[in-house]
Each structure stands twice: as C-alpha cells, then as structure tokens.
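Per chain, numbering begins at 1; letters A, B, ... match sequence-line order.
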Protein chains: 2
Amino acid sequence: MVRQPAINAQNRAPLSIERIIEAALQIVDGQGLGRLTMRRLGDALEVEAMAIYHHLPRGKEQLLDGLVAHVAISPAVTHGAADWREALRRWARDYRARLLGHAGVLPLLVTSRNPAALTTTTASLQEVLRQGGIPEATAAVAAHTLLGYVIGHTALEVRGTPDGTGETVDWDARFDGGLDLVLGAVSP
Amino acid sequence: MVRQPAINAQNRAPLSIERIIEAALQIVDGQGLGRLTMRRLGDALEVEAMAIYHHLPRGKEQLLDGLVAHVAISPAVTHGAADWREALRRWARDYRARLLGHAGVLPLLVTSRNPAALTTTTASLQEVLRQGGIPEATAAVAAHTLLGYVIGHTALEVRGTPDGTGETVDWDARFDGGLDLVLGAVSP
DNA sequence: ACCTGAACACCGTTCAAGT
DNA sequence: ACCTGAACACCGTTCAAGT
C-alpha cells in the first residue's frame, strides 16, 4: 500500500492565536463581520470549530478583542521635539486607511469590551505630544480628542453619512480638513 | 358563565412601529444589545416574534435602524447669528448624555447601514454654522468633525479606554476639553 | 389586515471522549 | 496537549394557515 500524500491531522501546520486571528480578519474583510462564525473560522483553518476554544478560552469575545488589537496602529515616537504635528497627521491618515481597509472591524472599536486594546495607542499619542512640548494635561485631552475624531469620523465615512449640501462628500478632503482643525487647535 | 377580564388578543393595544421601537430600546438599555432578539422582543410586546415582521418587513435590520434614528438628537436652529458656539456645545453635551443613557445603541451608529438616520443631524449642524456666519465649505467640514468627535469620543468613554497617565480619567472634563478644542478651531 | 405555529438552516459553547 | 463528535439551548426568517 502506498502512503497517501499526508493531508491528515499530523502534518497540518499547528493552530496558533496568530493563525486564528489572521484567518478571522480574512473572513471579516471578505465577507463582513456578520459572517464571522466559529464554525466558518474552523472551516477556514481546516479544523473543527471547537478546536479554537483550546487557544482562545474566552471564545468569540477574545477573538474579537484580538482583531481590534491586531488592526490598531500607534504613532512613531520620535525622541526630541521634532514636528509632532506632522507625526500625528501621518498617524491619523495611516490609522484611517487601515480602518477603511478593515472596515468590518470598526464596529468592534465601539463594542468590544477590552479597554486595553487601545491603551498602547493612547499612551503613544500622549508621548508624542509630550515630546513636542505640550503640557501633560493638554496632551491627555488632545490624545483622546484626536483618537475619538479619527474613529468617529471614519465611522461616519463608512456609514456613508451625507451632509446638508446635496453634493457627494469628498471623504479624503473632509477627513484632512477636520484633522487640520483638531491639530491646529492643540498648542503648547 | 362570567366573562374573563379580557386579556386576550382582541383587547390588547395593537402593535405599532412606535411601540416596537420603544420596547426594543428598553431591552437594549436594560439587558444590552446582545440580548435584543426578535423572540424576546415579541415576549415583551406579548406577541409572537413573527408578528413583528408585519410592521417591519426588513426585519431586524430595520429595527436597528429605527433605534439609531430614535436616539439621534439635532441641534436647535436659532435664526439670526446668535451664539452658535454655545448652541453647538449644548447639543454636543446633550447628544453625549443621550448616547451614554442608551450606550447599547452606540455600536449601531457605526454598524447600521442606514446613512439617512444621521442626515437630519448633519444638516442641522451645518445650518447652525451657516447661520453663525461660517462659510459653506468650512461648515461642511466642521459639522462632520464635530459629529465624528462626539460619537468617537463617547465610544472611547463607553469602552473605558484609559490614557497614558496611570490615573482615572475624568470623562466629563475630558469631553468638554476636546469639545472646546474643536469648537475653538472653527472660525468665520 | 394582523397574528400564529411549525419548520429550516443556522448560531456559540459545554462536555466527554479520542489520540 | 490538542483536537473531535455529539448535544444543548438558542438564533433570524419563511411560509402556510388561522381569524
């Protein structure tokens, strides 16, 4: 008897949190958040759905938290008071682009019960501001304002929220306009 | 035979979209969005779940859109260029308070596929700004910036997103601080 | 017109069992 | 340690039927 070319359990790449999150993100991006189910995720990983619980004991909630953390981006903290405004502008644009690329994850930023998933981002934003000479208290306000703006505005964009003019919204310009408004208001 | 005190089908208040939305909001506020199911909603209305579809043919999606529209608040448009900044500040605080009071609805602002649900709000914001002498183009940017900020920041608050300082966040002060930042940046 | 009952094709998660 | 199979208690929605 000739041995089959080994597509059985023994020779599969073993499951890991990394692989699970990546497969989940692929489903969300391709089919939408609503179609991310443990059973479908199991299929994508060529495993029974229940195997996932061995790696994510808190189940689907932990999976969703993982997606939020995986999509988050923190600004680069450049030492010395370089142009912090430009650094934050760059970060805001990158984060928006990443959220638009994984739009299905956006609702989870508002839903998911893992506050820690955005801690690094907020802390880095504050650090950039402090390095730029912004006082502690102002930096704390500005960090949440900026993060809130990016998430909220991108949410409006994904919804396709129209405005009072009958015209089509140029979302790139609209986002940059608001970003300048917010960044311009922050002063040392 | 004495007639029973009429708790049967004939004498119930008839179903209506209004009654359905209100019952749904009560479930969301009391038990969370995750526990809003058509079956539970039917129970609350003392009706089989399937009866709801007669009033909301698009089913649960239409129900969720209804919740978003029901919770939305528009600013009061005072004719003449009164203090538009104060009017918008008041609206922003009221809207945040309303969203905190119905926190379960917040994710739907980011999720729900009914762009029209926020059209009135955006249009009113722009109108207030225009009445305040802000040029059309600036008003359009400012309206989306402000709405994005309110939704995004309130989302961060509901998540409990911490900041870089180890201390507890005073969310009321944090929100007002960011609001002043945004409103202060808008100029005629 | 308005509501019900039964049914269909799904869910997330548990638990004991296999290797 | 890691995965499977079967089962439980749910979902949203359809469709024919009742009044």
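- Side-chain polar atoms of A:E127 and A:Q131 form a donor-acceptor pair below 3.5 angstrom.
- Atom CD of A:Q31 sits in a crowded spot, with more than 12 heavy atoms from other residues, nucleotides or ligands closer than 6.0 Å.
- Listed by residue number, B:H54, B:H55 are the residues of residues 53-62 of chain B with a heavy-atom contact under 4.0 Å to DNA chain C.
- A heavy atom closer than 4.0 Å to some atom of DNA chain D occurs in B:L36, B:T37, B:M38, B:R39, B:R40, these being the qualifying members of residues 23-44 of chain B.
- No more than 12 heavy atoms of other residues, nucleotides or ligands lie within 6.0 Å of CZ in A:R90, so this atom counts as exposed by the packing criterion.
- By the neighbour-count criterion of 12 heavy atoms within 6.0 Å, atom CD of B:E18 is sparsely surrounded, having that number or fewer from other residues, nucleotides or ligands.
- Regarding B:M50, its CE atom lies at a distance of 11 Å from the P atom of D:dT14, rounded to whole Å.
- You'll find the side chain of A:N114 stays beyond 4.5 Å of the side chain of A:Q62, heavy atoms only.
- Looking at A:L147 and A:W91, their side chains come closer than 4.5 Å, going by heavy atoms from C-beta outward.
- With a cut-off of 3.5 Å on both pairing distances, the Watson-Crick and G-U wobble pairs of DNA chain C assemble into stems of 3 or more at C:4-8 with D:12-16, C:12-16 with D:4-8.
- Rounded to whole Å, atom C1' of D:dC11 lies 13 Å from atom CD1 of B:I52.
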Decide salt bridge (Lys or Arg N to Asp or Glu O under 4.0 Å) for A:R89 and A:D176; before the verdict, give the C-alpha distance in whole Å, the side-chain angles of both, and the deciding distance to 0.1 Å. CA-CA 9 Å; A:R89 203 192 316 274; A:D176 281 347; over 6 Å; no
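- With a 6.0 Å cutoff to the six-membered ring centre and a 45° limit on the axis angle, B:R96 counts as a cation-pi contact of B:F175.
- Residues B:L33 and B:L108 meet the side-chain proximity criterion, which asks for heavy atoms closer than 4.5 Å.
- Put simply, CD on B:E48 is 5 Å from P on C:dT4, counting in whole angstrom units.
- The environment of CD in B:E86 is crowded: more than 12 heavy-atom neighbours from other residues, nucleotides or ligands sit within 6.0 Å.
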